[in-house]
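Keep in mind that what you see is a predicted model, and the values were worked out from it rather than measured. All ligand and atom numbering here is 1-based and tracks the order in the structure. Computed over heavy atoms, backbone and side chain alike; hydrogens, waters and symmetry mates excluded.
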Amino acid sequence: MNEQVPYINIHTHQFHDNEGIAIVSTGPENAGSAKGFISAGIHPRHIASYNIAEAMEQLRSAAALKHVLAIGECGLDKLSETPMEVQEEIFIEQTGIAGLVNKPLIIHCVKAFEVLLRIKKTEHVTVPFIIHGYNNKEQIASQLQQKGMYLSFGKALLAEGSNAQRVLKNTAPGMFFLETDDAAVSIKSIFEKAAELKSMSLDELRGQMMLNFKKVFKYE
Ligand SMILES: [Zn+2]
């Protein structure tokens with residue numbers, strides 16, 4: 001038997017009981033002390049609870065740490081209590097930090113894909129965009145993919161007939177990731193469903209996700 005490639009969960013909020021490789025998403029204040037791989041960022045729904053100047057300083061130093069593989073989750077959310085102009089400013093600042101350390105962005109985007117596309121263009125962001133928890137229309141997915149953005153799929157894949165299922169079927173193997181986010185599901189169950197939808201074996205899918213992980217997160 002050859003060694004099995006581990007499951008890769010690029011976005012969870014859970015520090016414990018992760019199977020395989022997991023990137024735990026946390027705020028900048030916890031980034032230094034966290035164990036294992038993490039992503040650090042200011043979530044658009046949590047902006048109001050931060051002293052932003054202080055959090056940005058923390059994020060700036062956290063971003064360079066070796067175990068911080070990505071910046072995020074950060075992004076834009078029309079349902080957040082924080083006004084969009086403020087969200088945009090804070091998101092743009094985080095894309096700048098990601099650019100400085102040349103690490104990908106794990107993005108939370110709710111009803112603001114046009115703004116996201118605009119920012120990528122006007123700010124000339126060149127680090128990878130990973131839209132996490134994707135479960136939106138196929139048309140939006142293709143717009144994002146045309147701009148080279150990666151999509152990450154989670155528990156919505158388990159719902160028959162979901163947007164996530166349809167979009168994954170048409171997504172190139174090199175352009176997606178899998179995640180559990182804050183759902184009480186195993187990464188294994190997400191991989192199994194994704195393998196079925198992509199007509200790949202579980203081993204093939206694991207190999208593919210490892211390739212994507214190495215490429216985008218510069219994992220060695
Ligand atoms: Zn999340």
Side-chain angles (χ1 to χ4, degrees), residues 7-31 33-50 55 58-59 62-63 67-82 87-88 90-91 93-95 97-98 103-113 115-116 119 127-136 140-141 144 149-159 162-164 167-168 171 176-191 193-194 209 212-213 216-217:
Y7 291 109
I8 296 168
N9 182 358
I10 67 124
H11 184 74
T12 174
H13 293 269
Q14 191 174 311
F15 275 101
H16 302 287
D17 306 322
N18 287 311
E19 194 174 350
I21 294 173
I23 301 177
V24 183
S25 180
T26 183
E29 70 281 15
N30 301 318
S33 59
K35 300 271 177 293
F37 292 135
I38 64 163
S39 67
I42 301 166
H43 192 292
R45 290 199 187 175
H46 300 160
I47 290 171
S49 67
Y50 281 107
Q58 286 169 333
L59 185 57
H67 70 288
V68 178
L69 296 192
I71 306 305
E73 65 184 283
C74 56
L76 305 158
D77 187 333
K78 286 241 165 96
L79 305 179
S80 165
E81 58 181 340
T82 303
Q87 290 190 44
E88 281 189 37
I90 290 169
F91 175 60
E93 204 163 336
Q94 295 182 88
T95 65
I97 293 174
K103 290 180 182 177
L105 289 153
I106 294 180
I107 294 169
H108 167 104
C109 188
V110 176
K111 301 184 191 292
F113 289 104
V115 184
L116 187 72
I119 289 175
V127 297
F129 275 44
I130 303 162
I131 316 301
H132 105 83
Y134 194 82
N135 189 26
N136 267 281
I140 297 174
L144 302 171
M149 296 187 192
Y150 295 82
L151 303 180
S152 177
F153 301 94
K155 72 159 193 266
L157 281 186
L158 305 178
S162 63
N163 284 324
V167 172
L168 175 61
T171 298
F176 73 91
F177 290 99
L178 298 167
E179 63 176 62
T180 58
D181 199 5
D182 53 6
V185 295
S186 67
I187 191 64
K188 182 168 177 274
S189 67
I190 303 285
F191 266 70
K193 188 42 116 181
M209 290 302 101
N212 297 358
F213 184 52
V216 175
F217 293 88

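The closest side-chain heavy-atom distance from L79 to R45 is below 4.5 Å. Here the side chains of I42 and I47 are in contact, with some heavy-atom distance below 4.5 Å.
Ring pair H11/H132 is tilted by interplanar angle, where 30° to 60° counts as tilted.
Side-chain atoms of E73 and H46 form no donor-acceptor pair, as typed in the model, at a separation below 3.5 Å.
The distance cut-off of 2.8 Å around the Zn ion (ligand 1) captures these protein N, O or S atoms, sorted by chain and number: H11 NE2, H13 NE2, E73 OE2, D181 OD1.
For the pairing with P104, the side-chain contact (heavy atoms from CB on, under 4.5 Å) check across I71, I10, L69, I130 returns one residue only, I130.
With hydrogens and angles ignored, the 3.5 Å screen pairs a side-chain donor or acceptor of Y134 with a backbone N or O of A141.
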